[in-house]
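Have a look at the structure below, then the notes.
All values reported here derive from a predicted model rather than from experimental measurement.
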Amino acid sequence: MSTFPVLYFLICVVTGLFALGRRGGFLLYFAVALFVTPIIALVFLIVTSRRPKPQPVEA
């Protein structure tokens, strides 16, 4: 049994975890990594910006 599919899946999961604070989140980047390649998903992570933190409302 080959370890490549298991390793590929784990790399896709790690790519998704890197995307937790980004727009699109885990599922989008995990799907991109799974269906395209983790390297392309990582490039998208580098290019996209982080989700802005909500500013507190002052009364």
Side-chain angles (χ1 to χ4, degrees):
M1 182 173 188
S2 176
T3 59
F4 178 74
V6 174
L7 185 61
Y8 188 84
F9 184 79
L10 289 176
I11 292 171
C12 292
V13 168
V14 169
T15 302
L17 290 174
F18 280 133
L20 282 178
R22 308 248 180 196
R23 295 180 187 207
F26 175 83
L27 286 177
L28 175 68
Y29 286 96
F30 173 73
V32 170
L34 191 63
F35 293 113
V36 180
T37 180
I39 294 173
I40 298 294
L42 288 171
V43 169
F44 283 148
L45 276 171
I46 292 169
V47 171
T48 59
S49 63
R50 286 190 152 295
R51 186 179 315 153
K53 293 183 180 181
Q55 299 294 329
V57 178
E58 295 186 27

For [X], what residues pass the side chain to side chain contact (heavy atoms under 4.5 Å, CB included) criterion, not counting sequence neighbours?
X	result
Leu10	Val6
Phe4	Ser2, Tyr8
Val43	Val47
Ile39	Thr37

For this session: Hey, could you give me the CZ/CZ distance between Phe18 and Phe30, rounded to the nearest 0.5 Å?
Result: 15.0 Å
Exercise. Measuring from Leu27:CG to Leu34:CG, what's the distance to the nearest 0.5 Å?
Worked result: 11.5 Å
Please name the pair of heavy atoms, one in [X] and one in [Y], separated by the smallest distance, quoted to 0.1 Å.
X	Y	value
Tyr29	Ala19	CD1-CB, 3.2 Å
Thr15	Leu42	CG2-CD2, 4.0 Å
Phe26	Leu17	CD1-N, 3.6 Å

Problem set entry | ILVMFWY clustering at 4.5 Å (side-chain atoms), partners of Leu7 | Ile11
